[in-house]
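A short write-up of the structure that comes next.
Because the structure is predicted, anything quoted here is derived from the model rather than measured. Residue numbering restarts at 1 for every chain, and letters A, B, ... go by the order of the sequence lines.
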2 protein chains.
Amino acid sequence: MTSTQTLPLTDITQADACSSPLARAAIAPDHADALARSLKALADPARLRILSIVSAHTDQEACVCDLTDQLTLSQPTISHHLKVLVEAGFLSRAKRGTWSYYSLVPGSLNAVAGVLAAV
Amino acid sequence: MTSTQTLPLTDITQADACSSPLARAAIAPDHADALARSLKALADPARLRILSIVSAHTDQEACVCDLTDQLTLSQPTISHHLKVLVEAGFLSRAKRGTWSYYSLVPGSLNAVAGVLAAV
DNA sequence: CGTGGACATCGACAACGATCAATGTTACCG
DNA sequence: CGGTAACATTGATCGTTGTCGATGTCCACG
(Lines give C-alpha, C1' and ligand atoms only; values in the text may rest on other atoms or scores of the structure.)
Protein backbone atom coordinates (compact mmCIF):
# COMPACT_ATOMS: atom_id res chain seq x y z
CA MET A 1 0.00 0.00 0.00
CA THR A 2 1.76 3.12 -1.17
CA SER A 3 1.46 5.84 1.31
CA THR A 4 -0.10 8.38 -1.00
CA GLN A 5 -1.03 10.37 2.02
CA THR A 6 -4.36 11.20 0.43
CA LEU A 7 -6.78 11.51 3.27
CA PRO A 8 -8.71 14.70 2.53
CA LEU A 9 -11.94 13.29 3.88
CA THR A 10 -12.84 16.61 5.33
CA ASP A 11 -10.84 19.59 6.24
CA ILE A 12 -10.92 18.71 9.86
CA THR A 13 -10.87 21.53 12.32
CA GLN A 14 -9.06 19.29 14.67
CA ALA A 15 -6.48 20.74 16.92
CA ASP A 16 -3.96 18.05 16.19
CA ALA A 17 -3.44 15.10 13.94
CA CYS A 18 -3.32 12.71 16.85
CA SER A 19 -6.96 13.26 17.63
CA SER A 20 -9.83 11.16 16.35
CA PRO A 21 -13.35 12.49 15.76
CA LEU A 22 -15.96 12.55 18.49
CA ALA A 23 -18.95 10.23 18.52
CA ARG A 24 -20.79 12.20 21.17
CA ALA A 25 -20.36 14.96 23.67
CA ALA A 26 -18.38 14.44 26.85
CA ILE A 27 -19.83 14.82 30.31
CA ALA A 28 -20.49 18.34 31.58
CA PRO A 29 -18.07 19.60 34.25
CA ASP A 30 -20.77 20.25 36.84
CA HIS A 31 -22.26 16.85 36.13
CA ALA A 32 -18.86 15.27 36.73
CA ASP A 33 -18.62 17.22 39.96
CA ALA A 34 -21.95 15.94 41.25
CA LEU A 35 -21.19 12.35 40.33
CA ALA A 36 -17.77 12.59 41.96
CA ARG A 37 -19.38 13.78 45.18
CA SER A 38 -21.69 10.78 45.23
CA LEU A 39 -18.87 8.38 44.48
CA LYS A 40 -16.69 9.94 47.16
CA ALA A 41 -19.38 9.16 49.70
CA LEU A 42 -19.36 5.53 48.57
CA ALA A 43 -15.60 5.09 48.18
CA ASP A 44 -14.89 3.84 51.67
CA PRO A 45 -14.87 0.23 52.89
CA ALA A 46 -16.66 1.04 56.13
CA ARG A 47 -19.43 2.94 54.36
CA LEU A 48 -19.91 0.18 51.81
CA ARG A 49 -20.21 -2.34 54.60
CA ILE A 50 -22.69 -0.10 56.39
CA LEU A 51 -24.86 0.09 53.28
CA SER A 52 -24.64 -3.66 52.85
CA ILE A 53 -25.53 -4.41 56.45
CA VAL A 54 -28.51 -2.09 56.27
CA SER A 55 -29.79 -3.58 53.03
CA ALA A 56 -29.25 -7.10 54.34
CA HIS A 57 -31.92 -6.59 56.97
CA THR A 58 -35.39 -7.75 56.08
CA ASP A 59 -36.90 -4.32 56.52
CA GLN A 60 -33.91 -2.52 54.98
CA GLU A 61 -33.35 -0.90 58.31
CA ALA A 62 -30.66 -1.17 60.96
CA CYS A 63 -29.80 0.60 64.19
CA VAL A 64 -26.35 1.82 65.14
CA CYS A 65 -25.87 -1.07 67.54
CA ASP A 66 -26.05 -3.47 64.58
CA LEU A 67 -23.16 -1.63 62.99
CA THR A 68 -20.94 -1.19 66.04
CA ASP A 69 -21.34 -4.91 66.53
CA GLN A 70 -20.07 -5.91 63.09
CA LEU A 71 -17.57 -3.18 62.29
CA THR A 72 -14.34 -2.89 64.21
CA LEU A 73 -14.63 0.84 64.49
CA SER A 74 -15.40 3.18 67.33
CA GLN A 75 -18.93 4.45 67.74
CA PRO A 76 -18.08 8.07 66.86
CA THR A 77 -16.43 6.90 63.66
CA ILE A 78 -19.52 4.95 62.68
CA SER A 79 -21.68 7.95 63.45
CA HIS A 80 -19.45 10.00 61.19
CA HIS A 81 -19.83 7.55 58.31
CA LEU A 82 -23.57 7.47 58.80
CA LYS A 83 -23.71 11.23 58.58
CA VAL A 84 -21.76 11.19 55.33
CA LEU A 85 -24.14 8.62 53.83
CA VAL A 86 -27.22 10.54 54.95
CA GLU A 87 -25.92 13.81 53.54
CA ALA A 88 -25.11 12.08 50.26
CA GLY A 89 -28.67 10.80 50.04
CA PHE A 90 -28.02 7.09 50.41
CA LEU A 91 -29.44 6.63 53.91
CA SER A 92 -32.26 8.18 55.89
CA ARG A 93 -32.42 8.45 59.64
CA ALA A 94 -35.39 7.70 61.89
CA LYS A 95 -35.18 8.03 65.63
CA ARG A 96 -37.49 5.85 67.71
CA GLY A 97 -37.02 6.02 71.43
CA THR A 98 -33.39 5.71 72.33
CA TRP A 99 -32.41 4.05 69.07
CA SER A 100 -31.59 5.57 65.71
CA TYR A 101 -32.62 3.54 62.72
CA TYR A 102 -30.99 3.98 59.35
CA SER A 103 -32.63 2.78 56.16
CA LEU A 104 -31.68 2.76 52.51
CA VAL A 105 -33.06 5.48 50.27
CA PRO A 106 -34.72 3.38 47.56
CA GLY A 107 -33.09 3.64 44.17
CA SER A 108 -30.24 5.84 45.27
CA LEU A 109 -27.57 3.22 44.70
CA ASN A 110 -29.02 2.11 41.39
CA ALA A 111 -29.19 5.71 40.26
CA VAL A 112 -25.48 6.21 40.80
CA ALA A 113 -24.71 2.86 39.18
CA GLY A 114 -26.76 3.84 36.15
CA VAL A 115 -25.10 7.23 35.78
CA LEU A 116 -21.70 5.63 36.19
CA ALA A 117 -22.33 3.10 33.46
CA ALA A 118 -23.36 5.93 31.13
CA VAL A 119 -20.15 7.90 31.54
CA MET B 1 -32.26 -29.70 44.34
CA THR B 2 -32.10 -28.97 48.01
CA SER B 3 -33.99 -25.99 49.13
CA THR B 4 -31.87 -23.35 50.75
CA GLN B 5 -34.77 -22.27 52.91
CA THR B 6 -33.17 -23.54 56.07
CA LEU B 7 -33.81 -20.42 58.09
CA PRO B 8 -34.21 -21.10 61.80
CA LEU B 9 -36.73 -18.37 62.29
CA THR B 10 -36.92 -18.94 66.00
CA ASP B 11 -34.40 -17.54 68.39
CA ILE B 12 -31.61 -16.05 66.42
CA THR B 13 -28.55 -14.93 68.32
CA GLN B 14 -29.67 -11.40 68.10
CA ALA B 15 -27.59 -8.93 69.99
CA ASP B 16 -30.39 -6.58 70.95
CA ALA B 17 -34.11 -6.10 70.69
CA CYS B 18 -33.65 -3.14 68.36
CA SER B 19 -32.35 -5.40 65.63
CA SER B 20 -34.43 -6.96 62.91
CA PRO B 21 -33.60 -10.30 61.27
CA LEU B 22 -31.29 -10.56 58.29
CA ALA B 23 -32.55 -11.41 54.83
CA ARG B 24 -29.11 -12.18 53.48
CA ALA B 25 -25.44 -11.92 54.32
CA ALA B 26 -23.64 -8.62 54.24
CA ILE B 27 -20.69 -7.87 51.99
CA ALA B 28 -17.34 -9.38 52.94
CA PRO B 29 -14.77 -6.94 54.34
CA ASP B 30 -12.17 -7.66 51.67
CA HIS B 31 -14.81 -7.34 48.99
CA ALA B 32 -15.76 -3.95 50.40
CA ASP B 33 -12.11 -2.98 50.35
CA ALA B 34 -11.68 -3.86 46.70
CA LEU B 35 -14.83 -2.05 45.66
CA ALA B 36 -13.81 0.99 47.66
CA ARG B 37 -10.48 1.09 45.84
CA SER B 38 -12.23 1.07 42.48
CA LEU B 39 -14.68 3.76 43.54
CA LYS B 40 -11.87 5.90 44.93
CA ALA B 41 -10.25 5.90 41.51
CA LEU B 42 -13.52 7.12 40.01
CA ALA B 43 -14.47 9.63 42.69
CA ASP B 44 -12.80 12.64 41.12
CA PRO B 45 -14.33 15.14 38.69
CA ALA B 46 -11.22 15.30 36.52
CA ARG B 47 -10.99 11.52 36.21
CA LEU B 48 -14.67 11.19 35.37
CA ARG B 49 -14.26 13.80 32.65
CA ILE B 50 -11.21 11.98 31.33
CA LEU B 51 -13.15 8.73 31.08
CA SER B 52 -16.01 10.53 29.39
CA ILE B 53 -13.76 12.27 26.87
CA VAL B 54 -12.04 9.02 26.00
CA SER B 55 -15.30 7.15 25.55
CA ALA B 56 -16.76 9.99 23.50
CA HIS B 57 -14.21 9.39 20.75
CA THR B 58 -15.32 7.16 17.90
CA ASP B 59 -12.52 4.67 18.50
CA GLN B 60 -12.77 4.91 22.30
CA GLU B 61 -9.25 6.32 22.30
CA ALA B 62 -7.74 9.69 23.07
CA CYS B 63 -4.27 11.13 23.37
CA VAL B 64 -3.11 13.35 26.19
CA CYS B 65 -3.32 16.44 24.01
CA ASP B 66 -7.08 15.90 23.75
CA LEU B 67 -7.31 16.06 27.52
CA THR B 68 -5.01 18.99 28.17
CA ASP B 69 -7.11 20.85 25.65
CA GLN B 70 -10.43 20.33 27.41
CA LEU B 71 -9.44 20.18 31.06
CA THR B 72 -8.16 23.25 32.84
CA LEU B 73 -5.42 21.34 34.56
CA SER B 74 -1.69 21.20 34.16
CA GLN B 75 -0.17 18.45 32.06
CA PRO B 76 1.52 16.69 35.03
CA THR B 77 -1.77 16.63 36.90
CA ILE B 78 -3.51 15.00 33.94
CA SER B 79 -0.70 12.49 33.70
CA HIS B 80 -1.23 11.69 37.35
CA HIS B 81 -4.96 11.11 36.89
CA LEU B 82 -4.28 8.91 33.87
CA LYS B 83 -1.89 6.81 35.92
CA VAL B 84 -4.51 6.34 38.61
CA LEU B 85 -7.10 5.23 36.07
CA VAL B 86 -4.70 2.81 34.39
CA GLU B 87 -3.67 1.25 37.70
CA ALA B 88 -7.32 0.88 38.66
CA GLY B 89 -7.99 -0.98 35.42
CA PHE B 90 -10.27 1.52 33.73
CA LEU B 91 -7.86 2.72 31.05
CA SER B 92 -5.08 1.15 29.03
CA ARG B 93 -2.13 2.95 27.55
CA ALA B 94 -0.68 2.57 24.06
CA LYS B 95 2.30 4.60 22.92
CA ARG B 96 2.59 5.30 19.22
CA GLY B 97 5.41 7.59 18.20
CA THR B 98 5.48 10.66 20.35
CA TRP B 99 1.88 10.32 21.42
CA SER B 100 0.32 8.28 24.19
CA TYR B 101 -3.14 6.98 23.50
CA TYR B 102 -5.49 5.98 26.27
CA SER B 103 -8.47 3.75 25.67
CA LEU B 104 -11.26 2.40 27.82
CA VAL B 105 -10.95 -1.12 29.19
CA PRO B 106 -14.20 -2.65 27.90
CA GLY B 107 -16.67 -3.55 30.59
CA SER B 108 -14.67 -2.14 33.47
CA LEU B 109 -17.10 0.65 34.22
CA ASN B 110 -20.15 -1.58 33.86
CA ALA B 111 -18.57 -4.12 36.17
CA VAL B 112 -18.19 -1.58 38.96
CA ALA B 113 -21.69 -0.28 38.35
CA GLY B 114 -23.07 -3.79 38.59
CA VAL B 115 -21.24 -4.59 41.81
CA LEU B 116 -22.33 -1.28 43.25
CA ALA B 117 -25.97 -1.93 42.50
CA ALA B 118 -25.70 -5.31 44.21
CA VAL B 119 -24.39 -3.94 47.50
C1' DC C 1 -34.77 13.34 90.40
C1' DG C 2 -30.88 10.65 89.25
C1' DT C 3 -28.75 7.14 86.83
C1' DG C 4 -27.43 4.68 82.88
C1' DG C 5 -27.68 3.66 77.98
C1' DA C 6 -27.74 5.04 72.95
C1' DC C 7 -26.18 8.06 69.92
C1' DA C 8 -24.31 12.71 68.15
C1' DT C 9 -20.90 16.30 68.22
C1' DC C 10 -16.33 18.36 69.05
C1' DG C 11 -11.38 18.80 68.85
C1' DA C 12 -7.18 16.93 67.49
C1' DC C 13 -4.08 14.26 64.89
C1' DA C 14 -2.07 11.53 61.19
C1' DA C 15 -2.46 9.91 56.60
C1' DC C 16 -3.89 10.69 52.14
C1' DG C 17 -4.51 13.08 47.77
C1' DA C 18 -4.91 16.81 44.23
C1' DT C 19 -2.19 20.18 42.32
C1' DC C 20 1.75 22.56 40.20
C1' DA C 21 6.72 23.91 38.90
C1' DA C 22 10.78 21.85 37.63
C1' DT C 23 13.06 18.25 35.52
C1' DG C 24 13.73 13.89 33.00
C1' DT C 25 12.89 10.80 28.97
C1' DT C 26 11.85 9.60 24.43
C1' DA C 27 10.77 10.24 19.64
C1' DC C 28 10.68 13.07 15.50
C1' DC C 29 12.71 16.57 12.39
C1' DG C 30 15.92 19.88 10.26
C1' DC D 1 23.81 15.83 15.65
C1' DG D 2 21.14 19.67 17.98
C1' DG D 3 16.51 21.07 18.85
C1' DT D 4 11.86 20.70 19.77
C1' DA D 5 7.53 18.50 20.96
C1' DA D 6 4.87 15.06 23.80
C1' DC D 7 4.54 12.98 27.81
C1' DA D 8 6.22 10.95 32.43
C1' DT D 9 8.37 11.53 36.91
C1' DT D 10 9.87 14.01 41.03
C1' DG D 11 9.42 16.97 44.97
C1' DA D 12 6.86 20.08 47.61
C1' DT D 13 2.66 22.24 49.24
C1' DC D 14 -1.79 22.28 51.27
C1' DG D 15 -6.50 21.12 51.72
C1' DT D 16 -9.20 16.88 52.70
C1' DT D 17 -10.49 12.89 55.39
C1' DG D 18 -10.63 8.75 58.43
C1' DT D 19 -9.99 7.85 63.12
C1' DC D 20 -10.35 8.22 68.12
C1' DG D 21 -11.02 10.12 72.97
C1' DA D 22 -13.74 13.25 75.42
C1' DT D 23 -17.90 15.34 75.98
C1' DG D 24 -22.75 16.59 75.14
C1' DT D 25 -27.74 15.42 74.45
C1' DC D 26 -31.79 12.90 74.78
C1' DC D 27 -34.62 9.21 76.42
C1' DA D 28 -36.10 5.36 79.42
C1' DC D 29 -36.61 3.63 83.86
C1' DG D 30 -36.26 3.05 88.97
Within residues 45-56 of chain A, those residues having any heavy atom closer than 4.0 Å to DNA chain D are A/Arg47

Which of C/dC7, C/dA18, C/dC20 is nearest the side chain of A/Trp99? It is C/dC7

Think A/Ser74 has a side-chain N or O under 4.0 angstrom from the OP1 or OP2 of D/dC20?
yes

When rounded to the nearest 0.5 Å, the distance separating NE2 of A/His81 from CG of A/Leu51 is 11.5 Å

Comparing A/Lys40 with A/Cys63, nearest DNA chain C nucleotide closer to 5' gives the residue A/Cys63

Is there a side-chain contact between B/Leu85 and B/Ile50 in this structure, where contact means two heavy atoms from C-beta onward sitting under 4.5 Å apart?
yes

Picking from C/dG5, D/dG18, D/dC7, the nucleotide nearest the side-chain atoms of A/Thr98 would be C/dG5

Ranking D/dC27, C/dC20, D/dC7 by distance to the side chain of B/Val64, first place goes to D/dC7

In whole angstroms, the gap separating C1' of C/dC28 from CZ of B/Arg96 amounts to 16 Å

When you check the phosphate oxygens OP1 and OP2 of C/dT19, does a side-chain N or O of B/Thr77 lie under 4.0 Å from one of them? no

Sequence neighbours excluded, the answer for side chain to side chain contact (heavy atoms under 4.5 Å, CB included) partners of B/Ser74 is B/Pro76, B/Thr77

Looking only at heavy atoms, the pair that brings B/Ala36 and A/Leu48 closest together is N-CD1, 3.6 Å

Subject >> Distance below 4.0 Å between A/His80 side-chain N/O and D/dC20 OP1 or OP2 >> reply: no

Residue set satisfying salt bridge (Lys or Arg N to Asp or Glu O under 4.0 Å) with A/Arg96, at least two apart, ordered chain then number -> A/Glu61

Rounded to the nearest 0.5 angstrom, the OG-CZ distance for B/Ser55 and B/Phe90 is 13.0 Å

Under a 4.0 Å heavy-atom cutoff, the residues of residues 26-33 of chain A touching DNA chain D are none

In whole angstroms, the gap separating P of C/dG17 from CG of B/Leu39 amounts to 14 Å

A/Ser19 and B/Asp66 have their tightest heavy-atom pair at OG-OD1, 2.8 Å

Short side-chain N/O contact to C/dC7 OP1/OP2 from A/Arg93, under 4.0 Å: no

Rounded to whole Å, NZ of B/Lys83 lies from P of D/dT9 at a distance of 5 Å

Separation of D/dA6 atom C1' from B/Asp66 atom CG, nearest Å, is 13 Å

Taken in chain and number order and not counting sequence neighbours, the residues that satisfy side chain to side chain contact (heavy atoms under 4.5 Å, CB included) with B/Asp33 are A/Pro45, B/Arg37

Sorted by chain and residue number, the side-chain hydrogen bond (donor to acceptor under 3.5 Å, both in side chains) partners of A/Ser92 (sequence neighbours excluded) come out as A/Ser103

Legend entry - Under 3.5 Å donor-acceptor pair, B/Gln75 side-chain atoms to D/dA8 base atoms: yes

Among D/dC7, C/dA6, D/dT10, the one nearest any side-chain atom of B/Pro76 is D/dT10

The nucleotide from D/dC7, D/dG18, D/dA5 with an atom nearest the side chain of A/His81 is D/dG18

Would you say C/dA8 has OP1 or OP2 under 4.0 Å from some side-chain N or O of A/Tyr102? yes

Has A/Ser79 got a side-chain N or O lying under 4.0 Å from the OP1 or OP2 atom of C/dA8?
yes

